[in-house]
S.K.: 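To start, I am sharing the structure in question, which I have written as structure tokens.
Values in this document were obtained by computation on a predicted structure and should not be read as measured data. So you know, we letter chains A, B, ... as the sequences are listed, proteins then strands, and number each from 1.
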Protein chains: 2
Amino acid sequence: MAFLAACKLQEPVTIADKLFLDLRRAILEGEIPAGKKISEPELASAYGVSRGSLREAIGKLENCNLVTRKPNIGARIIGFSTSQLMEIYQIREAMEGMAARLAAEHMTEEEVARLRHILERHRVEIEAKQEYSQQDVDLDFHFSIIQGSKNMRLIRMLCQDLYDLVRFYRFRLKSGFNRSEQAYHEHNLIVSAIERRDGEMAETLMRHHIRASRDYARKTLESMPQTEA
Amino acid sequence: MAFLAACKLQEPVTIADKLFLDLRRAILEGEIPAGKKISEPELASAYGVSRGSLREAIGKLENCNLVTRKPNIGARIIGFSTSQLMEIYQIREAMEGMAARLAAEHMTEEEVARLRHILERHRVEIEAKQEYSQQDVDLDFHFSIIQGSKNMRLIRMLCQDLYDLVRFYRFRLKSGFNRSEQAYHEHNLIVSAIERRDGEMAETLMRHHIRASRDYARKTLESMPQTEA
DNA sequence: AAACAGTACATTGTCGACAATTGCAATCGG
DNA sequence: CCGATTGCAATTGTCGACAATGTACTGTTT
């Protein structure tokens, strides 16, 4: 997944950083269940590090919005709720819409070509019905456009803060969403707009795309109500 | 300033939290100059706390985007540059536009009335030519709309992460921006749209307003080029 | 004189121990 | 039998000391 490599630019040099990446992966991939309370002594001994380093790592996880802390009480992994997911979609609609507009203005020709290539990969894997890879390709697609905006702060806010949450939810709802053909079609329109350097259209199409994803997710979640808080 | 009170809901109970708020205020109000490197032993003894607590506070400052850290090298206060400011305006355009749309849909009648009252305060202080209060009122205005969106994550991202930066820049460029009358007019249109519950129009107007502020800031900064990195 | 190497200093990262606060449980009183 | 209160255990917050890394200075070499 080329997705993650470019996100965190610096490789972890300090113990707390390595621990942070380990824990983040563990949370995103569900090894640590959602909503679980973090016991500092327990985790510290489990990973063989000091409590101080662990606390520093937890602080970084808090920035990624993957854990919440209350003073004198402790830290716990975030839970997932439908309303939270809808909130995230709304924010993505606004920010990725802007990202698409900026990408249409600022992407280099080579970057646009790479984007078109990602889309091609998407089509191939739809025909082969590779469901997991489709999700990775989807992330790569959105990630490439975000990077194409060239707005460093927008990139950081989306890739570091928000997309960890997206992956968190996506993992726990995986294979429930079978909207790939429709998504591919919408992606195709977006890339075309970017190729024409039509920022206004790219933003409109991206917002439409994310809103459609949100509506689909809401309908899917309502039809299978085994969501625990 | 009612602005800050509602932002950080919990009062600081732990030492690191108090230290964090102290340092944040010191940075935002320019007591600590922009770009300055933070010496952990120095600051720790200056505030009479341990280095551990200070490091925790610095971690929180990093989340607010007010300091940047490099491993084994240290932390420094962020610098300010025109391009960074333009990036922030772009993000605000997207997110606050969405906030205005949601506010038009979700604000209670009482909240709308309060918003109209803030606008009235704005008008009074323009006529009295109270320049500082105008900036506070402006923050209150935008903050109220953001809160009116009822999207908790959007509120957190804007009020905690982005608006610290806004205040950081605003303090250092204060009284250079004399756009109050125009801003008041635009604010007025936005409130009217919200009162009519016209989300689409509220978003359009808010985006226009922020874009106009950005253009004005850019022009002002270009005409007085004493911006040090 | 400029550049490199080595050493000494300062700063950051890491750790284990102590203090303060919270949550639970058992006991006491109604 | 139920509720409140007090005491205990566990967890978090805080601190000072040690180790590792980066930095500046000096002395030597080309």
S.K.: Is the centre of the H122(B) ring less than 6.0 Å from the centre of the H117(B) ring?
M.R.: no
S.K.: Find the distance R55(A):CZ to dT14(D):P and express it as a whole number of Å.
M.R.: 7 Å
S.K.: Could you check whether I58(B) gets within reach of a base, just the sugar-phosphate, or nothing at all, counting any heavy atom under 4.0 Å?
M.R.: nothing
S.K.: Looking only at side-chain N and O atoms, does R69(B) come under 4.0 Å of OP1 or OP2 in dG13(C)?
M.R.: yes
S.K.: Kindly say if T14(B) contacts the phosphate of dT14(D), meaning a side-chain N or O under 4.0 Å from OP1 or OP2.
M.R.: yes
S.K.: Atom NZ of K36(A) and atom P of dT11(D): how far apart are they, to the nearest Å?
M.R.: 12 Å
S.K.: Is there a side-chain contact (heavy atoms from CB on, under 4.5 Å) between T68(B) and I77(B)? Walk through the geometry before answering.
M.R.: CA-CA 7 Å; T68(B) 58; I77(B) 312 294; over 6 Å; no
S.K.: Reading DNA chain C from 5' onward, which residue's closest nucleotide shows up sooner: V49(A) or I73(A)?
M.R.: V49(A)
S.K.: Measure from CZ on R76(A) to C1' on dG23(C) and round the result to the nearest Å.
M.R.: 13 Å
S.K.: Rounding to an integer number of Å, can you tell me how far D17(B) CG sits from dT12(D) C1'?
M.R.: 13 Å
S.K.: Look at the side-chain N and O atoms of S53(B) and state whether any lies under 4.0 Å from the OP1 or OP2 oxygen of dC15(D).
M.R.: yes
S.K.: Does the E222(B) side chain pair with the main chain of K219(B), one donor and one acceptor, at a distance under 3.5 Å?
M.R.: no
S.K.: Assess R172(A) against F168(A): is NZ or CZ under 6.0 Å from the centre of the six-membered ring, and within 45 degrees of the ring's axis?
M.R.: yes
S.K.: By nearest heavy atom, map V13(B) and G74(B) onto DNA chain C; which one lands nearer the 5' end?
M.R.: G74(B)
S.K.: Distance check needed: dT11(D) C1' versus L54(A) CG, whole Å only.
M.R.: 13 Å
S.K.: Is it the case that over 12 heavy atoms from other parts of the model lie below 6.0 angstrom from the NZ atom of K36(A)?
M.R.: no
S.K.: Can you tell me how far P of dT11(D) sits from CG of L43(A), to the nearest Å?
M.R.: 12 Å
S.K.: Return the nearest nucleotide to the side chain of S50(B); candidates are dT12(C), dC15(D), dG13(D).
M.R.: dC15(D)
S.K.: What is the distance from CD1 of I15(B) to C1' of dT21(C), rounded to the nearest Å?
M.R.: 13 Å
S.K.: Give a yes/no answer on whether the side chain of K37(A) brings an N or O atom under 4.0 Å of OP1 or OP2 in dT12(D).
M.R.: yes
S.K.: Nearest heavy atom decides the nucleotide; on that basis, is E56(B) or N72(B) closer to the 5' end of DNA chain D?
M.R.: E56(B)
S.K.: Within this structure, what is the CD-to-P distance between E40(A) and dC18(C), rounded to whole angstrom?
M.R.: 18 Å
S.K.: With sugar-phosphate meaning primed atoms plus P, OP1 and OP2, does I38(A) contact a base, only sugar-phosphate, or nothing at under 4.0 Å between heavy atoms?
M.R.: sugar-phosphate
S.K.: Determine: side-chain N/O of R51(B) to OP1/OP2 of dT12(C), distance under 4.0 Å, yes or no.
M.R.: no
